[in-house]
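Below you'll find the structure, written out as structure tokens, and then a few comments.
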Amino acid sequence: MEHYRQHWKEMIAGLLERLATNRQIEGFTLSAEELVAEKPPKPELGDIGFPMFNVAKKLRMAPPQIAAAAAQLFVESQGTGNSLACPGELRAVGPYLNVFLDRATAAEQLVREAASDSWGASQVLAGKKVMIEFSCPNTNKPLHLGHLRNNALGESLSRIMKAAGAELKKVNLINDRGIHICKSMLAYQVYGGGRTPEEEGLKSDHFVGKYYVMFNRLKEEDPEAEDKAQALLQRWEAGDPEVIALWKRMNGWAVDGIMQTYRRQQISFDEFHYEHETYKLGKQEVLDGLARGIFYRDEEGTIWVNLEDVGLDRKVLLRKDGTSIYITQDIGTAIMRHERWPFDRLIYVVASEQQYHFKVLFEVLRRLGHIWASDLHHLSYGLVNLPSGRMKTREGTVVDADDLIDELARLATQEIEAKGRADMVGEISSVAEKIALGALHYYLLQTSPIKDMLYNPEQSLSFTGDTGPYIQYMGARSCSILRKHEEGEGNARHGRFRPELLARDGDWQLVRTLLEFPAVTSLAAQSMDPSIMANYAHEVAAAFSTWYRDNPVLVNEDPDLSATRLELVKVVRATLEKAAWMVCVPFLEVM
RNA sequence: GGGAUCAUAGCUCAACUGGAUAGAGCAACUGCCUUCUAAGCAGUAGGUCGGGGGUUCGACUCCCUCUGGUCCCA
């Protein structure tokens, strides 16, 4: 659809320039980019709308007159052998100049393009190297709902940007050191008795998380618990073999469990980094910056950067004892990444509470002279709140990732059985799992990333309405029609594809929606916003649902009509499958 | 104290980045399963787009201001 818009923009820009010439207006220029293309609110008003308000002043004419005159010019020019790559006609609709595409041609092009593996792809990010960092869990507890949103955003965005032509590298920096890790270690030393997750019958990351929570009990029983945890951290930093062994053991459990959740969520990474390998990075860069006078050292020895001139504060970059803080290693990690894999863009998928941190980080890197600092981007997303407020570990209100998927899968199984579909879907548990993921991911991605969202248990566990399973259901319905055709039903095989049969309003509505797919990929990729794709997938599903109720596919008096509609169903299937993939909603051929 | 961000139907969210009558789902009500899967479709009802200014031919969208929520920095 995008190339149609571009084509008509240029066409209309040309018409308007001729109009200016005819009216002897000196120095009139109009680039195609100055025109805004929009979607008319009703299909009978046309397919692409161009408001004439913004050119009215330059042309010294009222918008409706411009539209009428340009439409007239267009009609006249058609007689002069103007062959169009994107056939259609222009009509003035009040102050708007609207394009009515030639429906048969557009439908024919749609069916041809959608048959390709690259359907829905775009080139807006062609050749760009994009690194995206997401998830970044701590190894002291299992993943929770907030991580699921982060994971879904990161994975979905990588799929979308890849479809837009970018080369992607997904990285995960696992926070496997620090005081919080030592707390779970300490609690395990006191209460664990050397037991393993298997012995307690717990998933290994939940096992570690249990001891992290038990640290709170330890604090009550032992007033020195906090100090002991600090001491443990120091012994870890000093390389104490006993502490390192315990750390390795517990981290192994935590990471194993977290990886299981990743596999279950069907997300993946190209590279894992671990904080214990990177936490010392950045120190040298800060010292260099100090030597170059970019930073300064106070009388106590702390190294600072003064960012007051750009509306940020003074920030500590290195403590007086020479130890790094978070931002120090972020500086080092970014530099290391750019050296190893010179990216055109690095996206950090991190909660919005870190906005300040990233502003400072990017500014510091810029001051260190890294021109690529302008290629860094913080994809800031809002918190997932509960109706009762924010999730809090200490209050036990955290929604655990594994438990949530379990519950969704359980309900999906119930649903399959209640609908009497158990015999048709094949292996129920596998289908239920995919429905659970579809529901979860769509729920998490349909909202714009920036906004805080409310996790409403009832609504998120529902499979009806504007949900992932709705999209999956429409995908399954499209597959069902295609399958029945393969099995010999209907008369489509006796007909041939004739795109002009898709020119009726009812068909055109669906065709036009489907035509938008590549443009949606571009927009979602450029905006770095999966919700655009999620909403589009829903739009396609809804358009298909309306359409197939009124338009029998397999059996029609005219076999050509059957054959033609069958082609359209194939496009629907391809579009839903690819769009759903991009928002991490598993596609189902049967449900 | 400074800064960021959000506010749209009873609830959860959209609105093509400044354009035509602000749209979906949930909840409520009405119809539709001897017809390609009713996880569906069609319809009814529900709105001073937080308040007030401003810019513009045109503002949910941009600017200012106030209110309220959330978060960050010290």
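Sequence lines set the chain letters: A, B, ... in the order given, protein chains first and strands last, and positions in each chain run from 1.
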Check: Distance from A:Glu567 atom CD to A:Phe497 atom CZ, nearest 0.5 Å?
Finding: 6.0 Å

Using the benzene-type ring in the case of Trp, are the ring centres of [X] and [Y] under 6.0 Å apart?
| X | Y | value |
| --- | --- | --- |
| A:Tyr96 | A:Phe53 | yes |
| A:Phe517 | A:Trp119 | yes |
| A:His538 | A:Tyr470 | yes |
| A:Trp508 | A:Phe100 | no |

Just call it for [X]: base, sugar-phosphate, or nothing, with non-hydrogen atoms closer than 4.0 Å on any strand.
| X | answer |
| --- | --- |
| A:His357 | nothing |
| A:Asn551 | base |
| A:Ile532 | nothing |
| A:Leu454 | sugar-phosphate |
| A:Lys39 | base |
| A:Thr447 | sugar-phosphate |
| A:Met591 | base |
| A:Tyr473 | base |
| A:Asn556 | nothing |
| A:Gln355 | sugar-phosphate |
| A:Gly311 | nothing |
| A:Leu312 | nothing |
| A:Pro95 | nothing |
| A:Glu415 | base |

Among [options], the one nearest [X] by side-chain distance:
| X | options | value |
| --- | --- | --- |
| A:Ile450 | B:rA20, B:rA39, B:rU5 | B:rU5 |
| A:Asn535 | B:rA20, B:rC72, B:rA14 | B:rA14 |
| A:Asn54 | B:rC71, B:rG19, B:rG40 | B:rG19 |
| A:Ile416 | B:rU37, B:rA39, B:rC57 | B:rA39 |
| A:Thr464 | B:rC36, B:rA20, B:rG40 | B:rG40 |
| A:Asp452 | B:rG40, B:rU70, B:rA20 | B:rU70 |
| A:Leu523 | B:rC73, B:rU17, B:rA20 | B:rU17 |
| A:Glu38 | B:rC73, B:rA39, B:rG19 | B:rG19 |
| A:Arg390 | B:rA7, B:rC71, B:rG40 | B:rC71 |

Pairwise [atom1] distance, [M] and [N] [rounded to whole Å]:
| N | M | atom1 | answer |
| --- | --- | --- | --- |
| B:rA9 | B:rA15 | C1' | 14 Å |
| B:rU5 | B:rC41 | P | 38 Å |
| B:rC29 | B:rU56 | C1' | 43 Å |
| B:rC26 | B:rC64 | P | 39 Å |
| B:rU21 | B:rC49 | P | 15 Å |
| B:rA7 | B:rU12 | P | 13 Å |
| B:rA39 | B:rU34 | C1' | 23 Å |
| B:rA27 | B:rG23 | P | 22 Å |

Just how far, in rounded Å, is [atom2] of [N] from [atom1] of [X]?
| X | N | atom1 | atom2 | value |
| --- | --- | --- | --- | --- |
| A:Leu445 | B:rA14 | CG | P | 12 Å |
| A:Arg549 | B:rA38 | CZ | P | 9 Å |
| A:Gln446 | B:rG25 | CD | C1' | 8 Å |
| A:Asp466 | B:rC41 | CG | P | 11 Å |
| A:Asp550 | B:rG43 | CG | P | 10 Å |
| A:Gln509 | B:rG23 | CD | P | 14 Å |

Next item on the list: Would you say whether A:Phe53 stacks on B:rG19? The test is a distance between ring centres of less than 5.5 Å and an angle between planes of less than 30°.
Entry: yes

Note to self: According to a cutoff of under 5.5 Å between the ring centres and under 30° between the ring planes, does A:Tyr356 stack with the base of B:rA4?
What the structure shows: no

Note to self: Determine whether a donor-acceptor pair (N or O, by modelled atom type, separation under 3.5 Å) exists between the side chain of A:Ser324 and the backbone of A:Gln329.
What the structure shows: no

Note to self: Could you check whether any side-chain N or O of A:His485 sits under 3.5 Å from a backbone N or O of A:Gly490, counting only pairs where one atom can act as donor and the other as acceptor?
What the structure shows: no

Margin query: With a 4.0 Å limit, can you tell me whether A:Tyr470 has a side-chain N or O closer than that to the phosphate oxygens OP1/OP2 of B:rC41?
Written below: yes

Next item on the list: Map A:Val555 and A:Lys315 onto RNA chain B by nearest heavy atom, then report which one ends up closer to the 5' terminus.
Entry: A:Val555

Check: Taking the nucleotide of RNA chain B with the closest heavy atom to each, which residue, A:Val425 or A:Arg314, is nearer the 5' end?
Finding: A:Val425

Item checked: Base B:rU21 to side chain A:Lys42, donor-acceptor N/O within 3.5 Å cut-off -> yes

Margin query: Between A:Asp505 and A:Arg103, does any NZ, NE, NH1 or NH2 come within less than 4.0 Å of an OD or OE carboxylate oxygen?
Written below: yes

Margin query: I need the minimum non-hydrogen distance between A:Asn175 and A:Tyr326, along with the two atoms involved.
Written below: OD1-OH, 3.8 Å

Notebook entry, point to check: Which base sits across from B:rG1 as a Watson-Crick or G-U pair, both distances under 3.5 Å?
Noted result: B:rC73

Margin query: Checking understanding here: a glycosidic angle within 90° of 0 is syn, the rest anti, so what is B:rU17?
Written below: syn

Check: Does B:rC33 fall in syn (glycosidic angle within 90° of 0) or anti?
Finding: syn

